[in-house]
Number of protein chains: 2
Amino acid sequence: MPDKLSLRNIRLIVEYDGSAYHGWQSQKNTRQTIQEIIEKVLKGILQEEVSLFGSGRTDQGVHALAQVANFKTKSKISLSRLKLGLNSLLPKDIVITGIKEVPFDFHSQRSAKSKLYRYTILNRKFPSAFHYKYAWLYHIPLNLDLMKKEAIRLVGRHDFKSFKATRKDRKSTVRTIYELKIRKSGDFIYINIRGNGFVYNMVRSIVGTLVGIGSGKLSNIRRILLAKDRKGAGVTAPASGLCLMKVEY
Amino acid sequence: MPDKLSLRNIRLIVEYDGSAYHGWQSQKNTRQTIQEIIEKVLKGILQEEVSLFGSGRTDQGVHALAQVANFKTKSKISLSRLKLGLNSLLPKDIVITGIKEVPFDFHSQRSAKSKLYRYTILNRKFPSAFHYKYAWLYHIPLNLDLMKKEAIRLVGRHDFKSFKATRKDRKSTVRTIYELKIRKSGDFIYINIRGNGFVYNMVRSIVGTLVGIGSGKLSNIRRILLAKDRKGAGVTAPASGLCLMKVEY
């Protein structure tokens, strides 16, 4: 094993259309994951096995405008050549938009301070030929004022157990949401959520709950939050509407 | 044949991602065209053969936000049911966004007064995971001021022979461009061209020529225009960047 001094720590910014992949990193080894594809191309270029660490998993069908991932290598290749090589060899729906050498102790997941996700809803009766992979088509007109009013109550440090997909682990479900903004543009509704971390399916459960509120099926998000019971919250919004926009360090 | 009075003339607004199709209407019968697919679904719903007339052909890989097409039918089906049925049965990348009953003599192509096309260029060194089917990736930085200055000279009534793909017909190549606007947003450059009609590949040849000017490979678009010779103009820009935005009547 090479010593620390001879290893470079390279950070990638990765943009991907998640439609065709089994998420960033799969639990079981079923379909190809984005992480595996990049590792394979890196191996080909660097002639060396590398392990790529992402800032976190994104589920099957979830997209990213700026996923962050890092790997260590003893290769001396220039960063501009490596970026060019990766983008030539990767599938067209995975693009390296940024590349940088970072301090040895930088870790995409452990060093992350906050993440920004955007969820897109297409709120009309007919679909879109261009956005069907990137937005949740929701037929019932949503009351945006009501959604905004309730959304505020999620901002801050809370136990988000009500918004966690049922899993057997007993890890803490306390997280902090720094920002939750809802914006309409034409028939599209964008929900931006920035937090220090998210429990499994949290963003999609929050979106499903907010849509439940906007359509009059649910009310009082504070009560839902305090109940700490997933059954009280709304549906899990489809993966396709979700996009990882930014990871802050 | 039913008489005019018993026939309804229905106008559709069609949005499509042209990536997977052989254009709106094919010359030869090779791959499936968007027109054929809609006709087939219409036949299934209306239980009647219909002929769908588009405002014009779009080439393989070209997109549309609002192609206009009309057909005549003796069916009494409600328009909202027909729209819902079409959008349920059509592939996800073809969507009917509007439907209306129009006067019997309305014809999508012959009644059209003008068309607006938008061409999208991604002007940077690395590709986009989301836009690779919808934009021309052009590496060399383009001089927008120069492009705008030269573009103005194409506005008005001209013989656009220099911008016509070589074909054997001897039809007139005189057309009027009402508007030619170039706009930058981030790394994207949008070229909007509105005219009373376009000769074959005209928009894509104009874009290729403007890009030639912006990259310093070509100059003086007025001389190119007056030469009436396709060889003097720039390359034909790729189909994927082109989108039919609007047809005016």
Side-chain angles (χ1 to χ4, degrees), chain A residues 12-21 24 34 37-38 58 61-67 79-99 118 120 122 124-137 139 186-187 238 240-245, chain B residues 12-21 24 34 37-38 58 61-67 79-99 118 120 122 124-137 139 186-187 238 240-245:
Chain A
L12 305 176
I13 311 287
V14 191
E15 179 182 278
Y16 52 83
D17 178 333
S19 309
Y21 304 104
W24 170 261
I34 295 148
I37 290 169
I38 302 175
T58 58
V62 172
H63 315 289
L65 214 64
Q67 167 71 290
L79 296 181
S80 58
R81 268 177 65 92
L82 180 56
K83 186 182 173 192
L84 210 64
L86 281 165
N87 284 333
S88 309
L89 297 168
L90 283 168
K92 286 190 168 182
D93 45 14
I94 302 176
V95 171
I96 308 302
T97 62
I99 191 164
R118 183 185 65 195
T120 306
L122 179 53
R124 68 179 187 198
K125 294 209 189 303
F126 56 94
S128 157
F130 297 103
H131 297 279
Y132 66 94
K133 287 181 199 161
Y134 314 111
W136 181 14
L137 180 65
H139 290 232
D187 291 333
S240 55
L242 189 61
C243 186
L244 174 59
M245 301 297 281
Chain B
L12 304 176
I13 311 288
V14 190
E15 180 182 278
Y16 52 83
D17 178 334
S19 310
Y21 304 103
W24 171 261
I34 296 148
I37 290 169
I38 302 175
T58 57
V62 173
H63 315 287
L65 215 64
Q67 168 71 290
L79 296 182
S80 59
R81 269 177 66 93
L82 181 56
K83 187 184 173 192
L84 209 64
L86 281 165
N87 284 332
S88 310
L89 297 168
L90 283 167
K92 285 188 168 185
D93 46 12
I94 303 176
V95 171
I96 308 302
T97 61
I99 192 165
R118 183 184 65 194
T120 306
L122 178 54
R124 68 180 186 197
K125 294 210 190 298
F126 56 95
S128 157
F130 297 104
H131 297 279
Y132 66 93
K133 288 182 198 162
Y134 314 112
W136 181 15
L137 179 65
H139 290 232
D187 292 333
S240 54
L242 189 59
C243 186
L244 174 58
M245 300 298 281

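Computed from a predicted structure; not experimentally measured. Note on naming: letters A, B, ... go to the chains in the order of the sequence lines (proteins, then strands), and numbering restarts at 1 for each one.
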Exercise. Rounded to the nearest 0.5 Å, what's the gap from CG on A:L137 to NZ on B:K92? Could you check?
Key: 9.5 Å
Practice problem: Under 4.5 Å heavy-atom distance to chain A, tell me which part of B:K83 shows up: side chain, backbone, both or neither. | Solution: side chain
Quiz item: For chain A, which of B:L65, B:L90, B:V95 has the most heavy-atom pairs under 4.5 Å?
Solution: B:V95
Self-check item: Minimum heavy-atom distance between B:I94 and A:A129, given as atom pair plus value
Solution: N-CB, 4.2 Å
Exercise. Return the minimal non-hydrogen interatomic distance between A:A64 and B:F130, and the atom names on each side.
Key: O-CE1, 3.6 Å
Quiz item: Taking C-beta and beyond as the side chain, do B:Y132 and A:D93 meet within less than 4.5 Å on heavy atoms?
Solution: yes
Practice problem: With the side chain counted from C-beta on, respond yes when A:I96 and B:F126 share a heavy-atom pair under 4.5 Å apart, and no when they do not. | Solution: no
Exercise. Below 4.5 Å from any heavy atom of chain B, which atoms of A:K133 appear? Answer side chain, backbone, both or neither.
Key: side chain
